[in-house]
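Computed from a predicted structure; not experimentally measured. To find a chain, count down the sequence lines: A is the first, B the second, and so on, and within it residues start at 1.
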Amino acid sequence: MDHISPPKSPHELLERTHSIAGLTLAELAHRQQQTVPTNLLHAKGWVGQLIEQSLGASAGSRAEPDFVELGIELKTIPLNASGQPKETTYVCTVPLNEVATSWENSWIRQKLNRVLWLPIEADPDLSVSERRIGSAILAELTPQQDHLLKQDWLEHMELITTGRINEISAHHGAYLQVRPKAANNKALRNTTDEEGQSVQTLPRGFYLRTNFTIEILKQQYAL
DNA sequence: AGCTGATCATAT
DNA sequence: ATATGATCAGCT
């Protein structure tokens with residue numbers, strides 16, 4: 001894989017996004033000396049990682065923003081044939097064994113505060129190779145978005161910190177969901193139940209519903 | 001057709 | 001082992 005130094009400023013980062021906008025994944029993969037998988041079944045994170053490399057993201061799989069020095073997180077948005085988000089967006093792991101923190105100090109808010117969103121064609125009728133990269137959107141959380149996400153987060157954390165995480169389903173949360181995030185449903189982690197006993201539960205992640213990412217796209221384009 | 005629960009690969 | 005990058009695929 002090619003190593004590119006991290007961008008030194010948001011401006012430089014945006015210039016790099018301009019240089020890849022409109023390329024097909026095959027074209028970008030060739031630049032990065034990568035081979036394109038025939039499908040994403042066994043390469044679910046391939047597109048995101050290709051983009052990370054191309055833009056000089058440095059955090060690897062560490063729990064840090066992708067562009068550490070700039071405090072910017074990178075998220076691809078897979079688009080269906082209508083140009084709408086096809087999937088929810090994974091944000092970060094749900095903390096199962098941490099002392100309660102505020103929304104303002106939470107890891108999820110730090111990540112979402114400044115995000116470089118990069119729409120990518122993902123219509124299943126297009127081969128992975130021919131899918132095109134869109135125009136990036138560098139967005140800060142608006143006060144309204146911050147408030148809405150905080151409400152969801154508070155509801156989730158109330159159940160999580162009182163040992164009732166198993167009562168949470170993906171139906172909860174208007175914009176922010178809690179869903180399984182694991183190798184499979186046998187991969188369990190320790191946590192504490194309502195009576196304070198140590199029990200095992202499925203690891204979970206925070207995900208943004210598509211109704212949130214639709215709004216991000218609307219800020220940029222008139223959908 | 002959309003959504004929820006399950007799953008796959010890789011880095012550290 | 002647990003974080004990251006996500007999409008898959010069966011159910012409603």
Length of the CG-C1' vector between A:Leu41 and B:dA6, whole Å: 12 Å

Touch class at under 4.0 angstrom, heavy-atom based, for A:Lys186 against every strand present: nothing

Closest to the A:Pro78 side chain, choosing from B:dG5, C:dT7, B:dT12: C:dT7

N or O in side chain of A:His42 less than 4.0 angstrom from B:dC8 OP1/OP2: no

Charged tip of A:Arg179 within 45° of A:Tyr207 ring normal and under 6.0 Å: yes

Touch class at under 4.0 angstrom, heavy-atom based, for A:Ala122 against every strand present: nothing

Heavy-atom pair with the smallest gap, counting every atom of A:Cys92 and A:Lys111: CB-CD, 4.1 Å

Among B:dG5, C:dT4, C:dT7, the nucleotide that comes nearest once only the side chain of A:Ala63 is considered: C:dT4

Side-chain heavy-atom pair A:Leu79, A:Asp123 within 4.5 angstrom cut-off: no

Distance test, side-chain N/O of A:Asn184 to OP1/OP2 of B:dA6, below 4.0 Å: no

Residue closer to the 5' end of DNA chain C, A:Leu188 versus A:Thr89 (nearest nucleotide): A:Leu188

Whole-Å distance separating the CG atom of A:Leu25 from the P atom of C:dG5: 18 Å

Whole-Å gap separating P (B:dA1) and CG (A:Asp125): 12 Å

Presence of donor-acceptor pair under 3.5 Å, side chain of A:Lys181 and base of C:dT4: yes

N or O in side chain of A:Lys44 less than 4.0 angstrom from C:dT4 OP1/OP2: no

Plane angle bin for A:Tyr175 and A:Phe212 - parallel if under 30°, tilted between 30 and 60°, otherwise perpendicular: perpendicular

Cationic N near anionic O, under 4.0 Å, A:Glu27 to A:Arg31: no

Quiz item: A:Lys86 side-chain donor-acceptor pair to C:dT7 base, under 3.5 Å: no

Residue-phosphate contact under 4.0 Å: A:Trp46 side-chain N/O, C:dT4 OP1/OP2: no

Minimum-distance nucleotide (side-chain atoms of A:Thr93 versus C:dG5, C:dA3, B:dC3): C:dA3

Atom-to-atom span, OH of A:Tyr207 to P of B:dC3 - whole angstrom: 16 Å

Nearest listed nucleotide, side chain of A:Leu202, among B:dT4, B:dA6, C:dG5: B:dA6

Nucleotide C:dG5, atom C1' - distance to CG of A:Leu118 in whole Å: 14 Å

Nearest-nucleotide comparison on DNA chain B, the residue closer to the 5′ end among A:Ala182 and A:Glu87: A:Glu87

Phosphate OP1/OP2 of B:dG2: any A:Arg209 side-chain N/O under 4.0 Å: no

hbond_proxy A:Tyr90 side chain to C:dA3 base (donor-acceptor, 3.5 Å cutoff): no

Touch class at under 4.0 angstrom, heavy-atom based, for A:Gly45 against every strand present: base

5'-most by nearest nucleotide on DNA chain B - A:Gln177 or A:Ala183: A:Gln177

Selected nucleotide, minimal atom distance to A:Thr76 side chain, candidates C:dA6, C:dG5, B:dC3: C:dA6

Residue-phosphate contact under 4.0 Å: A:Gln49 side-chain N/O, B:dA9 OP1/OP2: no

Nearest-neighbour nucleotide for the A:Asp66 side chain, C:dG5, B:dT7, C:dC8 considered: C:dG5

Minimum heavy-atom distance between A:Glu194 and A:Glu167, given as atom pair plus value: OE1-OE2, 4.5 Å

Integer-rounded Å distance: B:dG2 C1' and A:Arg179 CZ: 12 Å

Euclidean distance, atom NE2 of residue A:His156 to atom P of B:dT4 [Å, nearest integer]: 11 Å

Short N-O contact, A:Glu104 and A:Lys150, less than 4.0 angstrom: yes

Shortest side-chain distance from A:Pro180, nucleotide among B:dT12, B:dG5, C:dG5: B:dG5

Gap between atoms CG and P, on A:Leu50 and B:dT10 respectively (whole Å): 14 Å

Nucleotide nearest A:His171 when distance is taken to its side chain, options C:dA6, B:dG5, B:dT7: B:dG5

